[in-house]
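To start, the structure under review is shown below, and the notes come after it.
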Amino acid sequence: MKIKKTAFLQSVTDWRQCPKSQLPEYAFIGRSNVGKSSLINMLVQNSTLAKTSSKPGKTQTINHFIVNDEWYLVDLPGYGFAHTSKETRAKWAAMIDEYLQRRTNLVNLFVLIDSRLEPQNIDVEFINKLGEFGIPFSITFTKADKISGTKLNTNVNQFLDKLTETWEELPPHFITSSVTGKGREEILDFIESINNNNL
Ligand code: GTP
Ligand code: MG
């Protein structure tokens, strides 16, 4: 798919303020600093569209971008951000959970996993919650440029193995790097195939 046009629409803290239009929507979630905003920028080839930072906790709101006037990309805050109060963390978690459960045009949630790490409970628990919510999702391993191919394979397989403990069928998965552009075509093809059934 060709990205012809992208625009930032709005930054909100409540799902009720999301755009009224029911265009197909794709959101990005994962631990703080896993690379959500960077991945969005890599997909649309615009390094300044979503705000990124080397410090975790950068994205704190629900951010809508529109692509080709046809579909939405949504940058969400991370979960598990340690350097903030318990109250703030609870508020973000409630905002995200409500958004995920109420936003009916959310056709796929990309759950980002740091490919350098062994399976983390916080990620597995989050994914299992998506099962309870009934939200369509896929897994995206990030920062693949930062480790060797062998270690990458080991971590990816370990994570997918871990999911088979709770899931009968594995979701689609992608291996990406926002630095090299790895995984871009695969993700855009995936989005296009879903759009073709939704537009
Ligand atoms: P929060 O909004 O704080 O939850 O973080 P985020 O998940 O949006 O992460 P962000 O995209 O801001 O990236 C965090 C840091 O990781 C930044 O310093 C990025 O440059 C770096 N980063 C993100 N993706 C990659 C990648 O694929 N490769 C490398 N080497 N660095 C990356
Ligand atoms: Mg971010």
Side-chain angles (χ1 to χ4, degrees), residues 3 6-13 15 18 25-65 67 72-100 106 108-117 119-120 122-127 129-130 137-153 155-156 159 173-188 190:
I3 306 294
T6 52
F8 167 72
L9 289 182
Q10 58 176 44
S11 211
V12 302
T13 53
W15 72 274
C18 285
E25 182 154 310
Y26 300 84
F28 295 74
I29 191 84
R31 288 198 307 150
S32 249
N33 208 240
V34 70
K36 301 173 291 293
S37 305
S38 303
L39 181 66
I40 288 177
N41 289 344
M42 183 272 263
L43 291 175
V44 301
Q45 292 181 311
N46 176 344
S47 61
T48 57
L49 191 69
K51 302 271 183 303
T52 66
S53 167
S54 57
K55 287 199 204 105
K58 178 69 178 171
T59 311
Q60 307 199 351
T61 49
I62 302 170
N63 298 280
H64 276 79
F65 305 92
V67 184
Y72 296 125
L73 280 175
V74 177
D75 194 12
L76 294 170
Y79 50 76
F81 178 45
H83 304 283
T84 187
S85 69
K86 222 173 162 183
E87 289 74 32
T88 308
R89 252 180 299 172
K91 218 169 70 187
W92 287 4
M95 170 177 86
I96 295 170
D97 277 7
E98 260 200 288
Y99 163 80
L100 294 176
L106 177 66
N108 182 72
L109 178 68
F110 289 94
V111 181
L112 274 58
I113 304 293
D114 190 328
S115 70
R116 298 169 300 176
L117 307 178
Q120 306 286 303
I122 188 169
D123 292 322
V124 175
E125 282 162 15
F126 181 84
I127 289 171
K129 184 170 71 175
L130 295 177
F137 70 96
S138 51
I139 309 275
T140 302
F141 295 94
T142 63
K143 308 194 183 182
D145 59 286
K146 284 196 142 183
I147 51 161
S148 74
T150 6
K151 189 77 187 124
L152 176 68
N153 276 335
N155 289 347
V156 166
F159 192 86
H173 74 272
F174 305 95
I175 296 172
T176 67
S177 162
S178 298
V179 172
T180 66
K182 184 180 172 66
R184 180 172 182 270
E185 289 304 319
E186 289 84 350
I187 290 185
L188 290 180
F190 177 68

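Indexing begins at 1, ligand by ligand and atom by atom, following the structure's order. Counting begins at 1 with the first residue of the sequence.
Taking a 4.0 Å cut-off on heavy atoms, Val179 registers as neighbouring ligand 1.
From the protein, the heavy atom lying nearest to atom 9 (O) of ligand 1 is Gly35 N, 3.2 Å. Closest protein heavy atom to atom 7 (O) of ligand 1: Lys36 NZ, 2.7 Å. With respect to atom 27 (O) of ligand 1, the closest heavy atom belonging to the protein is Ser178 N, 2.7 Å.
Between Pro77 and ligand 1, a contact under 3.5 Å exists for no N or O pair. Considering backbone and side-chain N/O of Thr176, none are found under 3.5 Å from N/O of ligand 1. Residue-to-ligand polar distances keep Ala144 apart from ligand 1: every N/O pair is separated by 3.5 Å or more.
Counting atoms of ligand 1 from 1 in the listed order, those under 4.0 Å from a heavy atom of Gly57 are 3 (O). Counting atoms of ligand 1 from 1 in the listed order, those under 4.0 Å from a heavy atom of Gly78 are 4 (O). Each of the atoms 8 (O), 11 (O) of ligand 1 lies under 4.0 Å from some heavy atom of Ser37. The Asn33 neighbourhood of ligand 1 comprises atoms 1 (P), 3 (O), 4 (O), 5 (O), 6 (P), 7 (O), 9 (O), 14 (C), 15 (C), with distances under 4.0 Å to a heavy atom of that residue. Of all atoms in ligand 1, listed by their number and element, those nearer than 4.0 Å to a heavy atom of Lys58 are 1 (P), 2 (O), 3 (O). Interface of Ser53 with ligand 1, defined as ligand atoms under 4.0 Å from a residue heavy atom, comprises 12 (O), 13 (O), 14 (C), 15 (C), 17 (C), 18 (O). Close approach of ligand 1 to Ser177 (heavy-atom distance below 4.0 Å) involves ligand atoms 27 (O). Remark: ligand 1 atoms within the under-4.0 Å shell around heavy atoms of Lys146 are 30 (N).
In this structure, Lys129 and Asp97 have side chains that are in contact, with non-hydrogen atoms separated by less than 4.5 Å. Annotation: side chain of Leu100 is not in contact with side chain of Ile29 (no heavy-atom distance under 4.5 Å).
When non-hydrogen atoms are compared, ligand 1 lies under 4.0 Å from the backbone of Ser54 as well as from its side chain. When heavy-atom distances to ligand 1 are checked against a 4.0 Å cut-off, Ser38 comes that close through both its backbone and its side chain. Only side-chain heavy atoms of Asp145 come within less than 4.0 Å of ligand 1; its backbone N, CA, C and O stay farther off.
For a distance bound of 2.8 Å, the N, O or S atoms of Asn33 include none lying that close to the Mg ion (ligand 2). The distance from the Mg ion (ligand 2) to the nearest N/O/S atom of Ser38 is not under 2.8 Å.
With hydrogens and angles disregarded, no donor-acceptor distance shorter than 3.5 Å links the side chain of Lys55 to the backbone of Asn33.
Using bins of under 30°, 30° to 60° and over 60° for the plane-to-plane angle, the ring pair Tyr26/Phe110 lands in the tilted bin.
In summary, the side chains of Ser47 and Asn41 do not present any donor paired with an acceptor at a separation below 3.5 Å, with no hydrogens or angles considered.
Residue Lys51 qualifies as open at atom NZ: its count of foreign heavy atoms under 6.0 Å is 12 or below.
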